[in-house]
Each structure stands twice: as C-alpha cells, then as structure tokens.
J.: 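Input: one structure, supplied below.
We count ligands from 1, going down the list as the structure has it; atoms in each ligand are counted the same way.
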Amino acid sequence: MSNAAIYPGTFDPITLGHINILEKASRVFDHVTLAVAEYTGKPNFFSLQERHELCLEATKDIPNVEVQTFAGLAVDFVQSRQCKIMIRGLRAVSDFEYELSLALTNTKLNPQIETIFMVPSLRYMYLSSSMIRQLAELGTELHDFVPPCVSAALIKKVSQR
Ligand code: ADP
C-alpha cells in the first residue's frame, strides 16, 4: 500500500497523547493503521481485547485510521501489510534512548522498514500510559488525559481489583 503507515504500540491504555500522534499521522499519510501489540513485555493492565476495543472507540472519528491487533514482532506485521513506514512518538529526552535502540533493532531485523518519529503537541509531552495507570489506581479524575471510554474503563477496572 503506498503512502501508508503503521503506528504500533501496546496502548495500555490509549491516551490523548497517542491520539494526538495519530491525528498528525492521519494528516500526513493516506492511511494509518494503529496496531495494538499482543506482547507487552510487562504485566498488562488491560487485556489485548480490551485495549483493542478502547482503541477502536477512541479513534472512530479520525478519518483514514484503522485499528488492528498483532502478535509477534511489529516489523513482521508491517511487512505483512506491504507497508514500509512505522510511526513512533517521541516525547521528552527520556524517550530518546529507548526509541533509538528500538528503531535501530527494527532496522537490523528488517532494513526495508523505516521508523518515522512524530512529536506530540506540548500539552501531551509528559503524558504516558504508565502514569495514567498509576493515577487511575489513586482515584484521580482523568478526563484531561484520556478519552471518556478509557476513563470509564479505568474506573471499572480499578473497582474490580
Ligand atoms: P510501547 O509500545 O513502547 O509500550 P506505547 O504503546 O505507550 O509504548 O506507545 C506507543 C508509541 O507512542 C511510543 O513510541 C511512545 O513513545 C508513543 N507515545 C506514548 N505516549 C505518547 C505521548 N503522550 N505523546 C507522544 N507519543 C507518545
């Protein structure tokens, strides 16, 4: 597919920072796939199905965006979709080393696929899913940070623990 990009991540859960990157990407590329990874490398807060459903709901108004899940390596998923561009978000300096090593590893795994970094709007620069999970556990109001469906899901999840 030409001029298409894939935005992979764990999205546990999707935040307004991810959506900000997605909106920017949807203006630059003809088609953007938000790809929710089954493998998170850490204990999940939400299951794959829950993360997928929340991403679907949170992005339903963004044109030319679709949501998929994938198992295994992101580069393999990108390749399987005949795509050559992977998008990642770059926030503060703290992201840089991790994202750089990830991009270099992915280039080693598949030199055909390029990583393009996008910078969020300033207000989302320090927003992370891990911070959201902690704030939710402490009962904080989250509507400035996540879409309403995610806020509701977080409240429900915390109350079930
Ligand atoms: P990971 O895939 O490393 O577990 P996430 O699923 O949380 O990370 O995020 C996917 C991508 O989105 C990563 O490149 C991450 O840096 C980026 N990202 C996360 N939060 C934001 C934000 N607030 N602004 C911009 N990019 C972000």
Side-chain angles (χ1 to χ4, degrees), residues 4-29 32-59 62 65-81 83-110 113-137 140-151 153-154 157:
I6 292 183
Y7 180 27
T10 54
F11 304 103
D12 189 25
I14 188 168
T15 70
L16 295 184
H18 295 125
I19 292 170
N20 182 247
I21 294 292
L22 203 56
E23 283 170 338
K24 288 172 186 283
S26 81
R27 291 196 288 271
V28 173
F29 296 96
V32 182
T33 303
L34 185 150
V36 186
E38 179 185 57
Y39 176 76
T40 62
K42 52 206 165 196
N44 294 3
F45 200 80
F46 289 106
S47 69
L48 178 64
Q49 189 186 339
E50 288 168 329
R51 288 181 283 129
H52 183 212
E53 283 168 6
L54 290 173
C55 287
L56 279 172
E57 174 66 19
T59 63
I62 310 176
V65 166
E66 80 173 301
V67 180
Q68 296 279 341
T69 61
F70 71 98
L73 290 170
V75 282
D76 291 345
F77 177 70
V78 175
Q79 173 96 40
S80 74
R81 302 285 307 244
C83 186
K84 289 189 166 24
I85 298 171
M86 190 148 77
I87 293 170
R88 295 286 290 179
L90 210 48
R91 290 163 290 189
V93 183
S94 50
D95 267 349
F96 184 76
E97 196 151 339
Y98 173 69
E99 291 292 342
L100 182 66
S101 66
L102 191 61
L104 290 172
T105 304
N106 282 330
T107 301
K108 179 93 179 151
L109 291 169
N110 190 332
I113 294 169
E114 291 298 331
T115 300
I116 292 186
F117 292 107
M118 300 192 85
V119 175
S121 302
L122 199 52
R123 60 191 296 222
Y124 302 120
M125 204 55 119
Y126 292 97
L127 178 53
S128 67
S129 297
S130 61
M131 189 193 289
I132 290 301
R133 294 193 298 268
Q134 289 178 29
L135 291 175
E137 282 177 333
T140 311
E141 172 54 61
L142 293 169
H143 69 261
D144 280 348
F145 308 118
V146 294
C149 61
V150 173
S151 180
L154 283 164
K157 180 71 80 181

J.: Identify the protein heavy atom lying closest to atom 12 (O) of ligand 1, giving its residue, its atom name and the separation to 0.1 Å.
T.: Tyr7 OH, 2.7 Å
J.: Please work out whether any backbone atom (N, CA, C, O) or any side-chain heavy atom from C-beta onward of Ile21 is under 4.0 Å from ligand 1, and answer side chain, backbone, both or neither.
T.: side chain
J.: Considering only heavy atoms, does Met131 approach ligand 1 within less than 4.0 Å through its side chain, its backbone, both, or neither?
T.: neither
J.: Output yes when a side-chain donor or acceptor of Ser80 lies under 3.5 Å from a complementary backbone atom of Phe77, and no otherwise.
T.: yes
J.: Using a 3.5 Å distance criterion without hydrogens, assess whether the side chain of Glu141 forms a donor-acceptor pair with backbone atoms of His143.
T.: yes
J.: Which is it for Tyr126 and ligand 1 at heavy atoms under 4.0 Å: side chain, backbone, both or neither?
T.: neither
J.: For the backbone of Leu16 and the side chain of Asn20, can you confirm whether one donor and one acceptor N or O come within less than 3.5 Å of each other?
T.: no
J.: Tell me which protein heavy atom sits closest to atom 25 (C) of ligand 1, plus the residue, atom name and distance to 0.1 Å.
T.: Pro120 CG, 3.4 Å
J.: Pull out every atom of ligand 1 sitting under 4.0 Å from any heavy atom of Asp95, numbered as shown with elements.
T.: 16 (O)
J.: Which ligand 1 atoms, with their elements, are less than 4.0 angstrom from a heavy-atom of Leu127?
T.: 20 (N), 21 (C), 22 (C), 23 (N)
J.: Below 4.0 angstrom from a heavy atom of Tyr98, which ligand 1 atoms are there? Numbered from 1 as shown, please.
T.: 3 (O)
J.: Among Ser130, Ala37, Gly89, whose heavy atom sits nearest atom 15 (C) of ligand 1?
T.: Gly89
J.: Check ligand 1 against Lys42 and write out every atom of the ligand that is under 4.0 Å from a heavy-atom position of the residue.
T.: 4 (O)
J.: Polar-atom distance check: Phe11 versus ligand 1, any N or O pair below 3.5 Å?
T.: yes
J.: Check Asp12 against ligand 1 and report side chain, backbone, both or neither, counting heavy atoms closer than 4.0 Å.
T.: neither
J.: Between the side chain of Ser129 and the main-chain N/O of Pro13, is any donor-acceptor distance below 3.5 Å?
T.: yes
J.: I want to confirm something. Looking only at heavy atoms, which of Arg123, His18, Met118 is nearest to atom 9 (O) of ligand 1?
T.: His18
J.: Give a yes or no answer on whether the side chain of Arg51 reaches the backbone of Thr10 with a donor-acceptor pair at less than 3.5 Å.
T.: yes
J.: Give the minimum heavy-atom separation between Ala92 and Tyr126, together with the two atoms involved.
T.: CB-CE2, 3.7 Å
J.: Among the heavy atoms of Met125, does any lie under 4.0 Å from an atom of ligand 1?
T.: no
J.: Give the residue and atom name of whichever protein heavy atom lies nearest to atom 6 (O) of ligand 1, and the separation in Å to one decimal.
T.: Thr10 N, 2.7 Å
J.: For a 4.5 angstrom cut-off between non-hydrogen side-chain atoms, does Phe117 reach Asp95?
T.: no
J.: Considering only protein heavy atoms, which is closest to atom 3 (O) of ligand 1, and at what distance to one decimal place?
T.: Arg88 NH2, 3.0 Å
J.: Does any part of the side chain of Phe46, heavy atoms only, come nearer than 4.5 Å to the side chain of Asp12, both counted from C-beta?
T.: yes
J.: I need the atoms of ligand 1 closer than 4.0 Å to a non-hydrogen atom of Glu99, numbered in the order shown.
T.: 13 (C), 14 (O), 15 (C), 16 (O)
J.: Looking at every non-hydrogen atom in both residues, tell me the closest pair between Leu127 and Gly17 and how far apart they are.
T.: CD2-N, 3.6 Å
J.: Checking Thr59 side chain against Ile62 main chain: does a donor-acceptor pair fall under 3.5 Å?
T.: no
J.: Please work out, at 4.0 Å between heavy atoms, whether the side chain, the backbone, both, or neither of Arg91 comes within that distance of ligand 1.
T.: side chain
J.: Okay, side chain of Thr140, backbone of Leu142: is any donor-acceptor separation there less than 3.5 Å?
T.: no
